[in-house]
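Residue numbers start from 1 in every chain, and the chains themselves are labelled A, B, ... in the order their sequence lines are given, proteins ahead of strands.
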There are 2 protein chains.
Amino acid sequence: MARSGTGGSKAATLNDVARMAGVSLATASKAINGRDQVAPATRQRVIEAAEQLSFTPNSLARSLIAGRTGTVGLLTSDLEGRFVIPILMGAEDAFGAGQINVFLCDARGDTIREQHHLKALLNRRVDGIIVVGRQTDPRPSLGQGLPVPVVYAYAPSDDPSDVSVTPDNVAGGRLAVEHLLSTGRRRIAHITGDPEYAAAQDRTIGVRAALAEAGLDLVGDVMMSSWSEHWGRAAAGMLLDQHPDVDGIVAGSDQIARGVIDTLRDLGKRVPEDVAVIGYDNWEVLALNSRPELTSIDANLQQLGRTAAMRIFDAIDDGEPDPGVHHLPVRLVIRGSTIERR
Amino acid sequence: MARSGTGGSKAATLNDVARMAGVSLATASKAINGRDQVAPATRQRVIEAAEQLSFTPNSLARSLIAGRTGTVGLLTSDLEGRFVIPILMGAEDAFGAGQINVFLCDARGDTIREQHHLKALLNRRVDGIIVVGRQTDPRPSLGQGLPVPVVYAYAPSDDPSDVSVTPDNVAGGRLAVEHLLSTGRRRIAHITGDPEYAAAQDRTIGVRAALAEAGLDLVGDVMMSSWSEHWGRAAAGMLLDQHPDVDGIVAGSDQIARGVIDTLRDLGKRVPEDVAVIGYDNWEVLALNSRPELTSIDANLQQLGRTAAMRIFDAIDDGEPDPGVHHLPVRLVIRGSTIERR
DNA sequence: GAAACTTCCGAAAGGCCTTTCGGCACGCTA
DNA sequence: TAGCGTGCCGAAAGGCCTTTCGGAAGTTTC
């Protein structure tokens, strides 16, 4: 962890470069930034001097002039939430390409901390802010008075004049049922997580709608409790007890699906021959290690992060937001738990 | 996503505040920053003006003067790696308390991108850099010529003059065996992941050492292949085939442990009564949803992130690094897979 | 009543870069 | 040779804040 630069202890400034090349500050700046009004020979001399001093322009001063920092704040409510990470990756990726850097702030679900971070971000003059929540339930808006554009990702803002992007859970529920129907299942049940979650409600709406369109009813009631493997096991046990003839199960998450499959195996049911099971989230660690591998709905979270980034981009550039909640398409990933593979 | 601030379109500057309060720039600055040489009444007037204009000092200008930005770069090799996230959280947490903000950069395992990000961070004049790898194998150093302190987390630098913090995998392997011994197991086997990984090697060293100290031999060879549930299942099958009397299994990861437990159940072995199984990583989604819940070794990654942050802190403040690879203690988390619970 | 302080405020410099605009020098044309 | 471009370069301002230091006003002391 040596601190000394190539030459000395302090970073070289443009002044140093200019002096070394024997030109003025202005000329050095123009030479390095590819402006014209500089003779090729002079430019060359400056560039060489810059390299020799390993000069890098101080972005701070640059930003001060430009009135733009080329930074964006990523305000998450909770890094632990596994939905946050892919979104973050997508955003970081989209920005990385455009020379924008990302400030990461984790409020850990605390409003005070969120305000504190928000203030810090504004002090640092970020060009925009992406707020990432861990649930798809609406969250309080940061407010309208902010001097920079804000986009809400995953958890939409409760203020319709804000810009939000969130996965289309209704379409996801639909997609799951349609897939089961396409594999010939007709007796379909739905086991999902905490009924308080918008995600659970929305997916259920989709499931019901798709079944209704096919002229079918759900087998049994929607079973809602928690997003855990344990619940998946327990619920599957109850379901099979009451409706032994079920042939398709839409699980509200991959964890639940794993529990369901576990119980099915214990009860001597074959997956997918006797019962098809489809999960949700396409969490690969779970989906790929399941026996059989799990068909699942993927919310395209990374894409969602990228979209959020693009919207901030646009808002920064031409400032024409498109307010409201935008529902992004989800994707079906077919594996062995719904279709027999040889 | 309104852009207008409380008053106008542009953020208020100190100048505006000074004018509004009827004082000079200098006085306004002193009043706001709590310097003395300002009469209480004047200070009050300034503060009110600042509030009214919702003035926030421009950190850029501030940093320009101070020669310090109060920012740190977090350079990860791969955000997908689940070990990176807790480290990141720990670091963000430690910094958040100290008014430092974090630039997140994901190089996605690409050296070019890493260099690119490194350069961007230096341009932004970060005060320090934390490099987070996704494996515990040594990684190439960023080099010695950097103008800011660097700390390597999880993946240590291959240059011993750098500062690195990484979990003590040897101690982890040891701890696992010692725990099994303490529950009365004597016929212990070890199933772990990819032999190319330092993590697999180090943990194995610890396992062997602890057994040797107890005067015992490993049951069968160390079984190394991949970090997957599938491998856990397969390996357990082979192991039980050859050594049906095994009574304790150290798994190299929680995923492997889950596979092992799966197979044990299929073969009619009870966990933990007949065979105790201990995992590694304490990945709660897996460990808590297992039947029975999984005893595991926790690498204290969040703590590791905090430690890395503290070291950067120190390096920034007094610049006395403590070079070399620092191995941080790991922790045993006891659950039902090793100890019978009623 | 003058000298010596104490209080408080403001002008100005400084940090690092970009950009504008005036002007020097050279080469070309008439 | 005088005049006019054209091509390059540099002085200076500007962006926003902090800090130093000089000085004005008010207060105390003898």
Side-chain angles (χ1 to χ4, degrees), chain A residues 5 8-47 49-50 53-71 120 122-127 147, chain B residues 5 8-47 49-50 53-71 120 122-127 147:
Chain A
S9 53
K10 292 283 295 174
T13 102
L14 186 57
N15 220 325
D16 302 334
V17 176
R19 203 168 337 124
M20 185 169 195
V23 298
S24 81
L25 215 59
T27 306
S29 170
K30 281 182 279 193
I32 286 178
N33 296 321
R35 296 250 162 285
D36 47 5
Q37 304 272 7
V38 179
T42 312
R43 184 183 305 267
Q44 189 58 29
R45 224 166 56 234
V46 172
I47 289 176
L53 296 170
S54 67
F55 165 80
T56 60
N58 187 329
S59 312
L60 274 67
R62 221 171 201 167
S63 305
L64 197 56
I65 299 166
R68 269 205 192 194
T69 53
T71 60
L122 293 179
N123 283 355
R124 293 204 185 278
R125 297 297 190 268
V126 293
D127 295 334
Chain B
S9 54
K10 290 283 294 175
T13 99
L14 186 57
N15 221 326
D16 303 333
V17 176
R19 203 168 336 122
M20 183 170 198
V23 298
S24 81
L25 215 59
T27 307
S29 171
K30 282 182 277 193
I32 286 178
N33 296 321
R35 295 250 162 285
D36 46 6
Q37 305 270 5
V38 179
T42 312
R43 183 182 307 263
Q44 189 57 29
R45 225 169 52 237
V46 172
I47 288 176
L53 295 170
S54 67
F55 164 79
T56 60
N58 187 328
S59 311
L60 274 69
R62 219 169 203 170
S63 305
L64 197 56
I65 299 165
R68 267 206 193 192
T69 53
T71 59
L122 293 178
N123 284 356
R124 293 202 185 278
R125 296 296 190 268
V126 293
D127 295 332

For R45(A), enumerate each residue passing the side-chain hydrogen bond (donor to acceptor under 3.5 Å, both in side chains) test, keeping only those at least two apart in sequence or located in another chain. none
Which atoms form the tightest heavy-atom contact between I32(A) and A50(A), and what is the distance? CD1-CB, 4.0 Å
For a quick test of reading the model: is some side-chain N or O of N33(B) closer than 4.0 Å to OP1 or OP2 of dT18(D)? yes
Flag, side chain of N33(A) to backbone of R35(A), donor-acceptor distance under 3.5 Å: no
Does T27(B) put a side-chain nitrogen or oxygen below 4.0 Å from OP1 or OP2 of dG10(C)? yes
Heavy atoms within less than 4.0 Å of DNA chain C: which residues of residues 35-45 of chain B have one? Give them sorted by number. Q37(B), V38(B), A39(B), T42(B)
In this structure, how many angstroms lie between the P atom of dC16(C) and the CG atom of L53(A), rounded? 14 Å
Closest heavy-atom pair and its distance - L14(A), F55(A): N-CE1, 3.3 Å
Which pair of heavy atoms, one from T56(B) and one from R125(A), lies closest together, and at what distance? O-NH2, 2.9 Å
Looking only at side-chain N and O atoms, does T13(A) come under 4.0 Å of OP1 or OP2 in dG15(C)? no
Can you tell me the distance, in whole Å, between the CG atom of L14(B) and the P atom of dG14(C)? 20 Å
Spacing of I65(A) atom CD1 relative to dG14(D) atom P, expressed in whole Å: 13 Å
Atom NZ of K30(B) and atom P of dC9(C): how far apart are they, to the nearest Å? 8 Å
side-chain hydrogen bond (donor to acceptor under 3.5 Å, both in side chains) partners of Q37(B), counting only residues at least two apart: none
Between dT19(C), dG10(C), dG15(C), spot the one nearest the side chain of A26(A), thanks. dT19(C)
5'-most contact on DNA chain C: S29(A) or V23(B), nearest heavy atom basis? V23(B)
Is there a donor-acceptor contact under 3.5 Å linking the side chains of R124(A) and T69(B)? no
Can you measure I32(B) atom CD1 to dT19(D) atom C1' for me and round it to whole angstrom units? 15 Å
Could you state the atom-to-atom distance from CG of N15(A) to C1' of dA11(D) in whole Å? 13 Å
When rounded to whole Å, the CG to P distance for the pair N58(A) and dC16(C) reads 7 Å
Value in whole Å for how far the P atom of dC17(D) lies from CG of L64(B): 12 Å
